Amino acid sequence: MGRFTNPRDLYFGEGARHEVKNLKGKKAIIVSGGSSMRRGGFLQKTEEGLKAAGLETALFEGIEPDPSIETVMKGAQAMREFEPDVIVAIGGGSPIDAAKAMWVFYEHPDKTFEDIKTPFTMPKLRSKAIFVAIPSTSGTASEVTAFSVITDYSSGIKYPLADFEITPDIAVLDTDIPLT
């Protein structure tokens, strides 16, 4: 028997990123990669939308291509300190993948990377936060899948994390973003 899991809500079209103003919660952390989302103004507009929804915001920027375990753990620590109830990942597949893994360690700080690298061994999520993915590219589909790729640079291995638990709750496909 097969299983197909998608985000609960998928918003798409011009200006779809403005849907973040309808999110409920108290705090949101935005996870982003390089500077392209900031340069294009999308990071700032997303933050403004979250603030318009009444959410206090924090940023975790600078996710590298092929995100590392170390970056994931730093981001999870930032989440534990800020305690968001909404996690927003914006950018390409790397920040979305990294944010998915950060989410696991935010909600389950007792877990190690070894605990989750085997497919379909993730603990239950959504007790602390929901996950919103806003992709800037069309390719990895991380915003609508149960997968994340994290790199262990010490061994040179890219681990494909797989579990329906890390499927985003909401995907926002704003056509304005990839046009840049």
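Since the structure is predicted, the reported quantities are computational estimates derived from the model, not experimental observations.
A donor-acceptor pair shorter than 3.5 Å cannot be found between the side chains of Ser142 and Thr145. Side-chain contact of Glu48 with Gln44: a donor-acceptor pair under 3.5 Å is absent, judged by distance alone. Between the side chains of Ser94 and Glu64, no donor-acceptor pair is found at a separation under 3.5 Å. Counting only N and O atoms by type, the side chains of Glu107 and Ser127 include a donor and acceptor under 3.5 Å apart. Side-chain contact of Glu47 with Thr57: a donor-acceptor pair under 3.5 Å is present, judged by distance alone.
Using a 4.5 Å cut-off on side-chain heavy atoms (C-beta onward), Val149 and Tyr159 make no contact. Between Ile116 and Pro123, the closest side-chain pair of non-hydrogen atoms falls below 4.5 Å. At least one side-chain heavy atom of Val104 sits under 4.5 Å from a side-chain heavy atom of Met122.
For the pair Thr71 (side chain) and Pro67 (backbone), a donor-acceptor distance under 3.5 Å is absent. Side chain of Asp169 to backbone of Val132: no donor-acceptor contact under 3.5 angstrom is found. Distance alone, capped at 3.5 Å, is enough to place a donor-acceptor pair between the Thr175 side chain and the Glu14 backbone. With His108 contributing its side chain and Lys124 its backbone, the two residues share a donor-acceptor pair below 3.5 Å.
Taking a cutoff of 4.0 Å between a charged side-chain nitrogen and a carboxylate oxygen, Glu83 and Lys128 do not qualify as a salt bridge.
More than 12 non-hydrogen atoms from other residues, nucleotides or ligands lie less than 6.0 angstrom from NZ of Lys27.
If you look at Phe82 and Phe60, their ring centroids are not closer than 6.0 Å.
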